[in-house]
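Inspection log for the structure reproduced underneath, given as C-alpha cells.
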Protein chains: 2
Amino acid sequence: MQTIKDVAALAGVSDRTVSRVVNGEPNISSKTRARVEEAIARLNYIPNLAARMVRTNRSGVIGLITDVVSTTPNSVEIIRGVQERVSQANQSLLIANTSGTAEGEKRVWRTFQEHRIDGVLFATMYHHEIDFDPNMHNIPAVLVNCFAARANVPAVVPDDRDGGYAAARHALDKGHTSIAFVTLNPLILASSLRREGFARAMAEAGVPIREEWIVPGISGAIGSETMQAYAAARQLLDAPAASRPTIILAGNDEIAMQCMFAAASLGLGIPNDIAIVGFDDFRMISEQVVPPLTTVALPYYQIGVRAADRLFALLAGADEQPTVERLPCPLVQRAST
Amino acid sequence: MQTIKDVAALAGVSDRTVSRVVNGEPNISSKTRARVEEAIARLNYIPNLAARMVRTNRSGVIGLITDVVSTTPNSVEIIRGVQERVSQANQSLLIANTSGTAEGEKRVWRTFQEHRIDGVLFATMYHHEIDFDPNMHNIPAVLVNCFAARANVPAVVPDDRDGGYAAARHALDKGHTSIAFVTLNPLILASSLRREGFARAMAEAGVPIREEWIVPGISGAIGSETMQAYAAARQLLDAPAASRPTIILAGNDEIAMQCMFAAASLGLGIPNDIAIVGFDDFRMISEQVVPPLTTVALPYYQIGVRAADRLFALLAGADEQPTVERLPCPLVQRAST
DNA sequence: TCTAAAAATGTCGACGTCGACAATGTGATG
DNA sequence: CATCACATTGTCGACGTCGACATTTTTAGA
C-alpha cells in the first residue's frame, strides 16, 4: 500500500507537504498542490487512518450501541438517520449490539474503547428509561429512543404523548365520538404516554372517555407478552352499530392490522362501519393492508439524524444543555379513516 | 489514556512483556503474567488498536456494504448473523451503505480503504446478479444475497428455487390440487426461481399447472412497482367453490396478507375455504396476521453467518473455491394451511 | 557440578502520520 | 538594495505497538 512518502517522492516534495495537501491545510502554492494531487491520483494513494489516529489521538469513528435495535425492523430507520449525518461529517460508524445481555454490553464497550471512538450513540428498541452512567465510560454519549434515569444525559426520543394526542385529535376531527383504544402492553412507557395524549385530546374536546373501550391489545411480562388485539377488537365490535365504537385507535400497526382482521371477520367495512388508526407507520404493514392504514408515524429517521447532530455538537464542545429532546409524531392519513 | 508502558512500569517488566501477555503469546511465566494482569486491571488499560494496526498492518475490521439493505427490515437479520460471527472472531464491523448510488458506493469504498479493512461483505436488498469486479478494490470479498455476473466471487444466497418447491410440496402434501400462485414482480430473479421450484414440484406430483391461476401480485418497473395482490386474489377467489383454487401460494408475506384480506372480503374462511402460504417469514406479518401464516422462511440470519464464515476462511487463506452457496428455505407451518 | 538447550524477558527500531519548529522563498516598503 | 513580514516548504521526532533479534534465566541431562 502506498504511503505519504511514496507520494512525496513522486511529487518531489517533502512528506509533510503532502500531508498538508491531503488535509487541506492553507498556505500551499497552487502549483505544488497540483503536483501533489497528481501524484496522489497516479499512485492511488489513500491515507492510513490508523496512523493518523496514533498521531492525533482522534479516531473519527462514532459508535452505535443497540440493545437489539438493529434487529428490529421499525427502528432500522434510526441507523439510516445516523449514517446520513455521520457520512456527511466524514466520520465512520461502528455498530455493535449487546444482544440485551450485560456481558454483551461490556464486550461492546471494550471494543469501542479499543477503537478509541470519539463518541457513542446508545439506542434501545423500546422507548424507555435506562440506567446509564455517562462517567463510567468517559466517552461523550447521546441516548436514542431512551433516556437516563439518574444522570443528565442528552437524549432524543419520540414524543409519544404528542402522537397519542394526534391520533385522538384526528378521530375527533373526523367527527367521531365513539372512540375505542386498543393499547400497547400497559407495562411499556409508550403505552402510558400515548394514552395520556389521547386523554388530553378527549378532555379538550369535551368528549367523555368510555373506560370499557380502552383495552390492552398486548399484555404479559416484557419479553413474553401475548398478542390479543384480534380478540379484543372482536369483543369491541361484536355489538349493534349503535352501541359499538365507530373508530379504533390502535397501539401500533400490528394491533391495527389485527383489528382490521377482526372487523373483516364480522363483516364490517373499513372505514365506513369502523375506522382504524395505527401507530408507528411501519410501512410494510401500513401501506400493504387493505385499505391502507391511517397511522401516527414514529420519526425514527429524524431521531437518528438529531441524535447524530447532538453528538457532534457535544464533541465540538457546543454546550448544548443535556436534555431530553422529543420529536413530534405526525399523523399520516391513508384510507382506513 | 494508559499505554502499554504505564502498565510495564507498574508491573516492573518491559513493555514488550506486557504486549506478550495482552496478545496471549506463549512463554510467559505464570508469576509474571499474574503481575502484568493485575497492573492491567488496576490501570484499566485498553490496547490501542490503531497503534497495533500501524505496526501489524491488519485492522481487524470487516466492512459491510449494503445497497439499501440495512434499510429494509427483512434483511436486518443478515446483519445480525454477520455480527454474531464477527464478534466471535474478535473483530469489528464497519457498516456503510451506498444509498444505491454509484457515488455513494465510491465513497463507501474509500472509507473502507482508509480504514484498511481486512475484508468486505457486499449485501444487496434483492437477490440478484450484480456487476462486481473483485480486483478493482483488491480486498477479499464475499457477496451476500447476490452473485457476480462475470467474475468468480464467493457468494451466499437463499435457495429460492428450493423455497418455491417447498411451498408447492406443502400444498400437495396437504392434499391440494387446485393451486394458485400470486407471484412477485416477474422482473425479480427470486420470482422466476420460486416459480421454477413450484413447477418442478407440480410436475413431480403429476398435478397440472393452471396457467390462469398464476398471476403477478406485484408488477411494474423496479423502483416503481405497484401492489395488486388484493385485486388479483379477489379475482381468483370470486368464483363458486368448485371452480376456484383451494390454496394460494404467495410470492411473499405482504402478498399473502393481501390475499387474506381478499378472502375475508369475500367471506371465505382461512384455511378451510382457502389456504394461504406466504414467503419470507417476515415475522411482523407472518406471526401477526389472523390466522398466523404458514410461510417459507428466508434464511437471512444463516446467510449472514455463512457469509462471515466464508470471508474469514478467505482471509485465513483457506482455499475455498469461489462459488455461489445456496442456503435452504425451510417451510414454517402455522395456521393458514 | 557443568553444559547445552529451552524458556523467559529485554532492547531497539519501524510502522505512517502530523505537530512543533526551522528554514527558505517572495514581495513590498522605504 | 536592504529590510521585514509573510507565505511556503522542510526537518525531526513522537504517537503506541509489536517484529526481529539479543540477552538472561531456568531446566534437564550427563
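All heavy atoms count here, side chains included; hydrogens, waters and symmetry mates do not. Residue numbering restarts at 1 for every chain, and letters A, B, ... go by the order of the sequence lines.
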In whole Å, what is the span from the [atom1] atom of [X] to the [atom2] atom of [N]?
| X | N | atom1 | atom2 | result |
| --- | --- | --- | --- | --- |
| A:D6 | C:dG16 | CG | P | 8 Å |
| A:R58 | D:dG16 | CZ | P | 16 Å |
| B:R33 | C:dA7 | CZ | P | 14 Å |
| A:K5 | C:dC18 | NZ | P | 12 Å |
| A:I46 | C:dG16 | CD1 | C1' | 15 Å |
| B:E25 | D:dA20 | CD | P | 11 Å |
| A:L49 | C:dC15 | CG | P | 19 Å |
| B:R52 | D:dC15 | CZ | C1' | 16 Å |

* Does the base of D:dG19 carry an N or O that pairs as donor and acceptor with the side chain of B:R16 under 3.5 Å? -> yes
* **Distance-only donor-acceptor test, A:R55 side-chain atoms vs C:dC18 base atoms, 3.5 Å** => yes
* Which of these passes side-chain contact (heavy atoms from CB on, under 4.5 Å) with B:V7: B:V22, B:I40, B:V21? -> B:I40
Answer yes or no: does a side-chain N or O of [X] lie under 4.0 Å from OP1 or OP2 of [N]?
| X | N | value |
| --- | --- | --- |
| B:N27 | C:dA8 | yes |
| B:T3 | D:dC15 | no |
| B:T32 | C:dT9 | yes |

* **Passing candidate, side-chain hydrogen bond (donor to acceptor under 3.5 Å, both in side chains) with B:R80, options B:E77, B:E84, B:Q83** => B:E77
Nucleotide of [options] approaching [X] most closely (side-chain heavy atoms):
| X | options | value |
| --- | --- | --- |
| B:S14 | C:dG10, D:dT11, D:dG16 | C:dG10 |
| B:I28 | C:dG16, D:dC18, C:dT9 | C:dT9 |
| B:D15 | D:dC18, C:dC18, D:dT11 | D:dC18 |
| B:T17 | C:dG19, C:dG10, C:dT17 | C:dG10 |

* Above 12 or not: heavy atoms from other molecules or residues under 6.0 Å from CZ of B:R283? -> no
* **Enclosure of A:D133 CG (heavy-atom neighbours >12, cutoff 6.0 Å)** => yes
* To do: Rounded to the nearest 0.5 Å, what's the gap from CG on B:L10 to CG on B:L43? Could you check?
  => 5.0 Å
* Structure fact -> Taken in chain and number order and not counting sequence neighbours, the residues that satisfy side-chain hydrogen bond (donor to acceptor under 3.5 Å, both in side chains) with B:R110 are B:E114
* **Counterpart residues, ring-ring contact (aromatic ring centres under 6.0 Å, His included), relative to A:F112 (two or more places apart)** => none
* Looking across every strand, which nucleic acid part, if any, lies under 4.0 Å from B:V13 by heavy atom: base, sugar-phosphate, or nothing? -> sugar-phosphate
* Asked: How is B:P26 classified with respect to the nucleic acid when contacts are heavy atoms under 4.0 Å: base, sugar-phosphate, or nothing?
  -> nothing
* **Earlier contact from the 5' end, DNA chain D, for B:V54 and B:R20** => B:V54
* Bend angle of the helix from C:dT1-D:dA30 to C:dG30-D:dC1 from five-pair axes at both ends, rounded to 10°? -> 40°
* Evaluate the side-chain contact (heavy atoms from CB on, under 4.5 Å) criterion for residues A:V61 and A:H115: first the C-alpha distance (whole Å), next the side-chain angles of each, then the deciding distance (0.1 Å), finally the verdict. => CA-CA 8 Å; A:V61 178; A:H115 282 279; 5.6 Å; no
